[in-house]
Amino acid sequence: MPQMSDAVVTRFAPSPTGYLHIGGARTALFNWLYARGRGGKFLLRIEDTDRARSTPEAEKALLQGLSWLGLDFDDEVVSQFARADRHREVALQLLAEGKAYKCFSTQDEIQAFRDAAKAEGKSTLFQSPWRDADPATHPDAPYAVRLKSASEGETIIKDEVQGEVRIKNATLDDMILLRSDGSPVYMLAVVVDDHDMGVTHVIRGDDHLNNAARQMGIYTAMGWALPVYAHIPLIFGADGKKMSKRHGATGAHEYQHLGYPAAGMRNYLARLGWSHGDDEFFTDAQAKEWFDLDGIGKAPARFDFKKLDNICGQHIAASEDDVLVDELLEFMGATGLPALSDEQKNTVKQAMFCLKERAKTFPDLLDKGQFAIATRPIVPDEKSAKALDTVSRGMLTALTPHLQNASWVREDLEKILGDFAEARETKFGKLAGPLRAALAGRAATPSVFDMMLVLGREETLARLTEAAETN
RNA sequence: GCUCCGUUCGUCUAUCGGUUAGGACGCCAGGUUUUCAACCUGGAAAGACGAGUUCGAUUCUCGUACGGAGUACCA
């Protein structure tokens, strides 16, 4: 009997400093899948406390990226910056309870200490002399508020992905909660926000694994229940190095512009570093049902465009025609391609059955379906123009009457063209080239019969006649 | 430097002490064919290295190598 307290709450908490990175998109996806598969909530928090680097444009890009990927979140977007007073309040409470203290060491002093320690090859861990100082000795100067964390024993992070990670408390410093200007620090903000938002599962990149030990100190000082942690490995480029521009697309929006279907992206990204037995291709419903933290691998995975292509191709092939047309139009709008006329849309939809089996992306779909979008006159490209020599044009002229009264079904068309070829003592293959050139202006197209069926008798004959007449 | 994490075919992964180490992408060969695809059949391809525990290690422990993260009054 699930209770209110059992409800899963996950969150995605990006900084608005750029576009939605593909790695971040995967982190968001994992959180989304985990919550959605358990009837929980998936929240979005914008970590905009760094005013210098945060921009409204970046926040918008983040939202757009998530929206494209279909990762819908619950409740309002939370701005971390807007909650600074609450963060401060917690720090002050800790200070009042003696779980934090005022540190008057200046940044210069600390830096000097660290430099010296480094030069001597000793630990650069700063231990504030003010930790146990008598308040009577406090100077009248700016101070930072530091958490009085345990200096002995060890902190054990029970991580769903990494297992039990033990970190000696002696290697952790007394982290700063409030800067000397009174502003709360990120580490504090994260903990307070996660707690206040009721986050039960923190699924994030493993670059935060070490931070978890520090953050746990705040939870315990406040007497708050710890969330379940799952630190997932980052994704790398094909060469095993951190994803960067030279690996190709790093932003989620770039994949949209490359024409990958969102469902395929979700499938590929979910499968990257996570597995459910041998399942490779799955629907959102299956992913939500299957996704679990213990299926996440510990090693960073490399991004593989070939496999992305393959998975996306399967998703396109498995999609309904009208859904595909809608997505295709959306893609064209997003990339600034000219809009299609209603007639073109309709023809593309009619053609979808023979296009979707062979396309991996929307541009691919558009390319393969070019014959359905093209309008007369069909201008053959260089390659197909060669198939329209005098002899071929003569052939097309001779063929046209045979199609005039044909019943427009595949079986009959096959027979007519087959017989026609036979009568001319040639093979259908010889006929296919010119037909392709006439119908599509291309050398590589879907099946000649499929094109004829999609185009219909009138349009087919018009294109054939035109091609036969052209010089 | 110190702390922490990781390492199975080229890539993503399965395996939860005993397997001919399985699947998928990619690749190669063959088939189908009307071009390009798609599709079908088959094939090559892996436990980083070294110790230890054990009747038996890919699996458990330790070390080495390599890779990564953290070590801020950044987020």
Side-chain angles (χ1 to χ4, degrees), chain A residues 13-15 17 47-50 52-54 80 103 105-107 110-111 114 117-118 121-126 142-146 157 159 161-163 165-168 170-173 175-183 185-187 189-190 205-214 231 233-234 236 238 240-242 268 271-281 294-295 297-311 313 317 354-355 357-360 364 367-368 383-384 387 417 427-433 435-437 440 442-449:
Chain A
S15 306
T17 54
E47 310 218 312
D48 51 359
T49 55
D50 186 337
R53 288 198 292 161
S54 301
Q80 188 159 67
C103 172
S105 297
T106 65
Q107 291 181 62
I110 297 170
Q111 193 51 51
R114 276 203 261 262
K118 200 165 190 177
K122 290 199 285 197
S123 167
T124 56
L125 191 80
F126 179 72
Y143 58 86
V145 175
R146 305 186 94 112
I157 307 167
D159 194 279
V161 173
Q162 309 290 341
V165 178
R166 294 158 181 275
I167 296 182
K168 290 184 188 63
T171 65
L172 265 25
D173 63 356
M175 59 179 287
I176 285 184
L177 264 19
L178 250 36
R179 299 188 186 89
S180 44
D181 66 359
S183 63
V185 105
Y186 163 78
M187 291 280 202
V190 169
D206 68 2
D207 48 335
H208 283 97
L209 182 58
N210 288 277
N211 287 342
R214 301 180 132 71
H231 288 92
L234 274 10
F236 288 163
K241 295 274 164 47
K242 209 167 163 181
Y268 176 72
R271 189 62 187 66
L272 191 62
W274 169 79
S275 64
H276 180 264
D278 284 338
D279 296 305
E280 301 282 349
F281 173 81
D294 59 19
K298 292 187 183 182
R302 301 180 187 205
F303 199 94
D304 182 1
F305 281 90
K306 287 277 178 54
K307 188 143 187 175
L308 206 216
D309 283 348
N310 178 275
I311 292 288
C354 67
L355 304 178
E357 301 282 333
R358 46 183 74 202
K360 299 178 192 311
D364 214 7
D367 183 61
K368 301 243 167 29
K383 245 187 182 170
S384 68
L417 293 193
K427 284 199 225 162
F428 171 68
K430 287 280 179 196
L431 211 53
L435 281 170
R436 259 185 262 286
R442 299 276 190 95
T445 72
S447 152
V448 167
F449 301 109

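Reminder, nothing fancy here: chain letters follow the sequence lines and each chain counts from 1.
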rC2(B) base / Ser123(A) side chain donor-acceptor hit below 3.5 Å: no

Closest contact, heavy atoms only, Arg436(A) versus Pro446(A): NH1-O, 3.7 Å

Distance, C1' atom - from rC49(B) to rG6(B), rounded to whole angstrom: 16 Å

At a cut-off of 3.5 Å, list every protein nitrogen or oxygen paired with a nitrogen or oxygen from nucleotides 14-16 of chain B, distance to 0.1 Å.
residue: rA14(B); atom: OP1; partner: Ser275(A); partner atom: OG; Å: 3.3

Who pairs with rU19(B) - Watson-Crick or G-U, where each distance is under 3.5 Å: none

Identity of whatever pairs with rC62(B) - Watson-Crick or G-U, under 3.5 angstrom: rG50(B)

Distance in angstrom units between His208(A) NE2 and rA72(B) P, rounded: 15 Å

Gln107(A): partners by side-chain hydrogen bond (donor to acceptor under 3.5 Å, both in side chains), with sequence neighbours left out: none

Watson-Crick or G-U wobble mate for rC28(B), both contacts under 3.5 Å: rG42(B)

Distance, P atom - from rU61(B) to rC66(B), rounded to whole angstrom: 23 Å

Spacing of Ile176(A) atom CD1 relative to rA75(B) atom P, expressed in whole Å: 11 Å

Residues which pass salt bridge (Lys or Arg N to Asp or Glu O under 4.0 Å) with Asp367(A), listed by chain and number, not counting sequence neighbours: Arg442(A)

Rounded distance in Å - CZ (Arg271(A)) to P (rG23(B)): 14 Å

Ser15(A) side chain vs Thr17(A) backbone, donor-acceptor pair below 3.5 Å: no

Spacing of the C1' atoms in rG42(B) and rU35(B) (rounded, Å): 26 Å

Donor-acceptor under 3.5 Å (Asp48(A) side chain, Gln80(A) main chain): yes

Touch class at under 4.0 angstrom, heavy-atom based, for Gly313(A) against every strand present: nothing

Inter-nucleotide C1' distance (rC12(B), rG26(B)), Å rounded: 11 Å

Sugar-phosphate, base or nothing in reach of Glu47(A), heavy atoms under 4.0 Å: sugar-phosphate

Set of residues satisfying salt bridge (Lys or Arg N to Asp or Glu O under 4.0 Å) with respect to Arg214(A), sequence neighbours excluded: Asp173(A)

Atom-pair distance (NZ on Lys242(A); C1' on rG67(B)), nearest Å: 14 Å

Sugar-phosphate, base or nothing in reach of Asp309(A), heavy atoms under 4.0 Å: nothing

Residues in salt bridge (Lys or Arg N to Asp or Glu O under 4.0 Å) contact with Asp207(A), at least two apart in sequence or another chain: none

Strand partner of rA72(B), provided both Watson-Crick or wobble distances fall under 3.5 Å: none

Atom C1', compared across rU15(B) and rC73(B): separation rounded to whole Å: 49 Å

Touch class at under 4.0 angstrom, heavy-atom based, for Arg442(A) against every strand present: nothing

Pairing nucleotide - rA37(B), Watson-Crick or G-U, each distance under 3.5 Å: none

Length of the CG-P vector between Asp50(A) and rA72(B), whole Å: 17 Å

Interatomic distance at C1', rC16(B) relative to rG47(B), whole Å: 15 Å

Is there any protein nitrogen or oxygen under 3.5 Å from a nitrogen or oxygen in nucleotides 4-8 of chain B, and what are the pairs?
residue: rC5(B); atom: O3'; partner: Gln162(A); partner atom: OE1; Å: 3.4
residue: rC5(B); atom: O2'; partner: Gln162(A); partner atom: OE1; Å: 3.1
residue: rG6(B); atom: OP1; partner: Lys298(A); partner atom: NZ; Å: 2.9

For Ala213(A), all residues meeting side-chain contact (heavy atoms from CB on, under 4.5 Å), sequence neighbours excluded: Thr155(A), Ile157(A), Ile167(A), Leu172(A)

Shortest non-hydrogen separation from Tyr268(A) to Arg302(A) and the atoms involved: OH-O, 4.0 Å

Distance, C1' atom - from rC39(B) to rG50(B), rounded to whole angstrom: 48 Å

Set of residues satisfying side-chain hydrogen bond (donor to acceptor under 3.5 Å, both in side chains) with respect to Ser183(A), sequence neighbours excluded: Arg179(A), Asp181(A)

Contacts of Glu280(A) that satisfy side-chain hydrogen bond (donor to acceptor under 3.5 Å, both in side chains) - sequence neighbours left out: Arg271(A), Lys307(A)

Within 6.0 angstrom of Tyr143(A) OH, more than 12 heavy atoms from elsewhere: no

Heavy-atom protein contacts under 4.0 Å, nucleotides 26-44 of chain B, coded B base, S sugar-phosphate only, - none: S-------BBBBS------

C1' atoms of rA51(B) and rU41(B), separation to the nearest Å: 46 Å

Results of salt bridge (Lys or Arg N to Asp or Glu O under 4.0 Å) for Arg114(A) - residues two or more places apart only: none

Distance, rounded to the nearest Å, where Asp173(A) contributes CG and rC2(B) contributes P: 18 Å

Sugar-phosphate, base or nothing in reach of Ser384(A), heavy atoms under 4.0 Å: nothing

Any residue meeting side-chain hydrogen bond (donor to acceptor under 3.5 Å, both in side chains) with Asp206(A), in chain and number order, not counting sequence neighbours: none

Toward the 5' end of RNA chain B, by each residue's nearest nucleotide, Leu234(A) or Ala144(A): Leu234(A)

Nucleotide rU13(B), atom P - distance to CZ of Arg302(A) in whole Å: 11 Å

Value in whole Å for how far the P atom of rC66(B) lies from NZ of Lys241(A): 13 Å

